Amino acid sequence: MLKSAIIGTGFIGNAHATAYKNMDNAQLVAIVDVDEEKGTKAAEEFGCKYYSDAEEMLQIEEVDIVDICLPTFLHEQYVLLAARYKKHILCEKPVTLSLESMDRMLAAVKEAGVRFMVAQVVRFWPEYIKIKEMYDAGDFGDVRMVYANRIAQHPNWTQWHRDPNKSGGGLFDLHLHDIDFMQYLFGRVKSVYAVGKASETGCWNFVMTTLKFENGNYATVEGIFDMTENYPFTMTFRIIGETKTVDYSMVAGFNLEDVGSSKRAAILYENGHEPRKLDIDEKDAYQIELEYFVGHIESGKPFDVITPEDSRHVVEVICAIQESLETGKVVEL
């Protein structure tokens, strides 16, 4: 059984802790958080030890995995720390805000000889898994157009999201999800063109991006991270082929805090047939993601759903989108 420690007890940290609790091949042994009240409460809930300092935890606990669920601007610091202690690392997205930072992390984990994965959960979302399977099987024939959106109110539990130097704004924190999945679907991006509007603090929270892929496909992606009050968290994915179209939509509560009661459906439209809802097991995506990560650490199999190189390219594409937003030009990669 692999032993894991989570650093950070926000929404994602608790989602990961719940996933470990449901697994037979992993045990959560420690939670780290500078907020003693939150950390102690989480440790009690999940039956593990609490630490206020990550390095102290690493000096005491014999963990195999460090699961980093901290704000974006702290990721590199703790990835490098975990690598120094030769622990396998799962790090939340966005992994970082620059290619230089990404390359430092990749060099550190390579030197330490440890496994490293960025938690891009959309690749493990059941409906997106189904769309990927259908695309890979050639079910859509020639793909004519793909559209995705991700729309949310601004998080109200913290202020660091409003600082572009700490969060990257909606461009990195929200828009990145769909950019990542598009890359998973079609491969490397050739060029981007984006339009949008920045917030008063300089965050690109309203973004519309057109992507051209090396395989010749195109996609349009919309991301909004500052919707009007009471607007529900909404995500859409539509892939239009010569023979079939799948239209997926999900409407949840405020910033995805209640996925269980969300309204979600993936509808298949096929020439010569009546539209029908795809039969999909709506298993928790965070559970699927953690089981994948732990299973591949346990078996030693290489990551295939998402690799560190994939995650680096996502950062490269997002940085190109930011350049396009700032210059108004098409940016070639």
Side-chain angles (χ1 to χ4, degrees), residues 68 71-80 83 89-111 115-124 128 132 146 148-150 164-196 198 202-223 225 302-333:
I68 299 170
T72 306
F73 64 96
L74 296 172
H75 286 174
E76 182 183 349
Q77 174 186 345
Y78 286 91
V79 166
L80 298 183
I89 302 162
L90 180 67
C91 183
E92 260 305 313
K93 51 58 58 186
V95 59
T96 189
L97 304 180
S98 73
L99 278 175
E100 293 79 8
S101 172
M102 185 71 187
D103 287 341
R104 287 192 293 269
M105 288 187 276
L106 292 177
V109 297
K110 182 178 180 180
E111 182 179 353
R115 309 287 295 280
F116 175 55
M117 191 180 101
V118 179
Q120 292 288 168
V121 72
V122 171
R123 296 193 184 209
F124 301 92
Y128 289 84
K132 170 68 171 170
V146 181
N149 72 22
R150 197 163 300 262
N165 297 314
K166 291 183 175 181
S167 71
L171 172 60
F172 280 83
D173 206 78
L174 190 76
H175 198 51
L176 176 142
H177 274 298
D178 293 305
I179 300 299
D180 172 73
F181 184 73
M182 292 294 186
Q183 178 197 315
Y184 184 39
L185 203 61
F186 296 138
R188 292 184 64 84
V189 175
K190 185 176 181 179
S191 67
V192 301
Y193 174 68
V195 294
C203 292
W204 290 101
N205 288 341
F206 298 84
V207 182
M208 182 73 78
T209 300
T210 298
L211 305 112
K212 181 179 180 180
F213 295 85
E214 290 182 354
N215 70 357
N217 282 323
Y218 289 85
T220 299
V221 182
E222 177 185 21
F225 202 40
F303 297 132
D304 51 0
V305 171
I306 183 165
T307 68
E309 292 73 27
D310 291 336
S311 298
R312 186 188 188 279
H313 186 53
V314 172
V315 175
E316 181 184 15
V317 174
I318 291 292
C319 290
I321 293 170
Q322 182 166 341
E323 181 182 345
S324 181
L325 287 165
E326 291 171 349
T327 64
K329 297 179 180 179
V330 174
V331 177
E332 303 281 343
L333 281 83

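Note: hydrogens, waters and symmetry copies are ignored here, and every other heavy atom, side chains too, is used. Treat the numbers as computed from the prediction; the structure is a model and nothing was measured.
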**Q** What's the shortest heavy-atom distance between G202 and P164, and which atoms?
**A**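 Where G202 meets P164 most closely, the heavy atoms are O-CB, 3.8 Å.
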**Q** side-chain contact (heavy atoms from CB on, under 4.5 Å), that's the test. Do I318 and L171 meet it? Break it down for me.
**A** CA-CA 7 Å; I318 291 292; L171 172 60; 3.8 Å; yes
**Q** Determine the minimum heavy-atom distance between A119 and L90, stating which atoms define it.
**A**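 Nearest heavy atoms, A119 then L90: CB-CD1, 4.0 Å.
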**Q** Might you point out which heavy atoms bring F181 and Y128 nearest each other, and give the distance in Å?
**A**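 Closest heavy-atom pair between F181 and Y128: CZ-O, 3.4 Å.
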**Q** Distance from M105 atom CE to S311 atom OG, nearest 0.5 Å?
**A**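 If we round to the nearest 0.5 Å, M105:CE and S311:OG are 9.5 Å apart.
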**Q** Would you give the length of the straight line joining atom OG of S98 to atom CZ of R104, rounded to the nearest 0.5 angstrom?
**A**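 With rounding to 0.5 Å, OG (S98) is 6.0 Å from CZ (R104).
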**Q** Please test Q120 against V305 for side-chain contact (heavy atoms from CB on, under 4.5 Å), starting from the C-alpha separation and ending with a verdict.
**A** CA-CA 10 Å; Q120 292 288 168; V305 171; over 6 Å; no
**Q** When you measure from the side chain of N215 to the backbone of F186, do you find a donor-acceptor pair of N or O atoms at a distance under 3.5 Å?
**A**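 Here the side-chain-to-backbone pair exists.
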**Q** Nearest 0.5 Å please: distance from the CG atom of L333 over to the CZ atom of R188.
**A**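 Here the rounded value is 7.5 Å.
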**Q** Measuring only between side-chain heavy atoms, which start at C-beta, is D180 closer than 4.5 Å to I306?
**A**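 In contact.
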**Q** With a 4.5 Å limit on heavy-atom distance, are the side chains of F172 and T72 in contact?
**A**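 F172 does not reach T72 side chain to side chain.
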**Q** Walk me through it: do I68 and E92 pass the test side-chain contact (heavy atoms from CB on, under 4.5 Å)?
**A** CA-CA 6 Å; I68 299 170; E92 260 305 313; over 6 Å; no
**Q** CD of E111: more than 12 outside heavy atoms within 6.0 angstrom?
**A**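 At most 12 heavy atoms, drawn from other residues, nucleotides or ligands, come within 6.0 Å of this atom.
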**Q** Considering non-hydrogen atoms only, spot the tightest contact between V331 and S324 and give its length.
**A**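 So the minimum-distance heavy-atom pair works out to CG2-N, 3.7 Å.
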**Q** Check whether any side-chain N or O of K212 sits under 3.5 Å from a backbone N or O of V192 as a donor-acceptor pair, and report yes or no.
**A**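 Checked: no pair found.
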**Q** At what distance, to the nearest 0.5 angstrom, does NE2 of H175 lie from CG of N149?
**A**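 It is 10.5 Å, given to the nearest 0.5 Å.
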**Q** To the nearest 0.5 Å, what is the distance between CD1 on I179 and CG on L211?
**A**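 The CG atom of L211 is 4.5 Å from CD1 of I179, to the nearest 0.5 Å.
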**Q** Could you report the tightest heavy-atom contact between I89 and A83, atom names first, then the distance?
**A**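 Heavy atoms only, the tightest pair is CD1-N, 3.8 Å.
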**Q** I want to check something: taking the side chain as every heavy atom from C-beta on, are P94 and V315 in contact at a cut-off of under 4.5 Å?
**A**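 In short, these two side chains do not touch, never coming nearer than 4.5 Å.
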**Q** I'd like to know if R123 pairs up with D310 as an ion pair, taking the criterion as any Lys NZ or Arg NE/NH1/NH2 lying under 4.0 Å from an Asp or Glu carboxylate oxygen.
**A**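 Salt bridge flag = yes for D310 with R123.
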**Q** Is there a donor-acceptor contact under 3.5 Å from the side chain of H313 to the main chain of G187?
**A**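 No; judged by distance alone, with no hydrogens or angles, the pair does not exist.
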**Q** Is R150 close to V221 at the side-chain level, that is, under 4.5 Å between some pair of heavy atoms?
**A**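 Of all side-chain heavy-atom pairs linking R150 with V221, none is under 4.5 Å.
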**Q** Should V314 and Y184 count as side-chain neighbours, where that means a heavy-atom distance under 4.5 Å?
**A**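 No; the side chains remain at least 4.5 Å from each other.
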**Q** Check ring pair (Phe, Tyr, Trp, His ring centres under 6.0 Å) between F124 and all other residues, then give those that pass, not counting sequence neighbours.
**A**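 Expected list: Y292.
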**Q** Measure the CG-CD distance between L106 and E309 for me, rounded to the nearest 0.5 Å.
**A**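 Taking CG in L106 and CD in E309, the distance rounds to 7.0 Å.
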**Q** May I ask you to test the R312-V95 pair for a side-chain heavy-atom distance under 4.5 Å?
**A**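 Result no, sub-4.5 Å side-chain heavy-atom pair not found.
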**Q** Report the C-alpha separation of K93 and V118 in whole Å, then their side-chain angles, then the decisive distance to 0.1 Å, and conclude whether the side-chain contact (heavy atoms from CB on, under 4.5 Å) test is met.
**A** CA-CA 6 Å; K93 51 58 58 186; V118 179; 4.2 Å; yes
**Q** Do E332 and K190 have side-chain heavy atoms sitting under 4.5 Å apart?
**A**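 In contact.
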**Q** If you take all heavy atoms of F116 and C91, which pair is closest and at what distance?
**A**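 Closest heavy-atom pair between F116 and C91: CE1-CB, 4.0 Å.
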**Q** Do E76 and E100 have side chains that approach each other closer than 4.5 Å (heavy atoms only, starting at C-beta)?
**A**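 Sidechains of E100 and E76: no contact.
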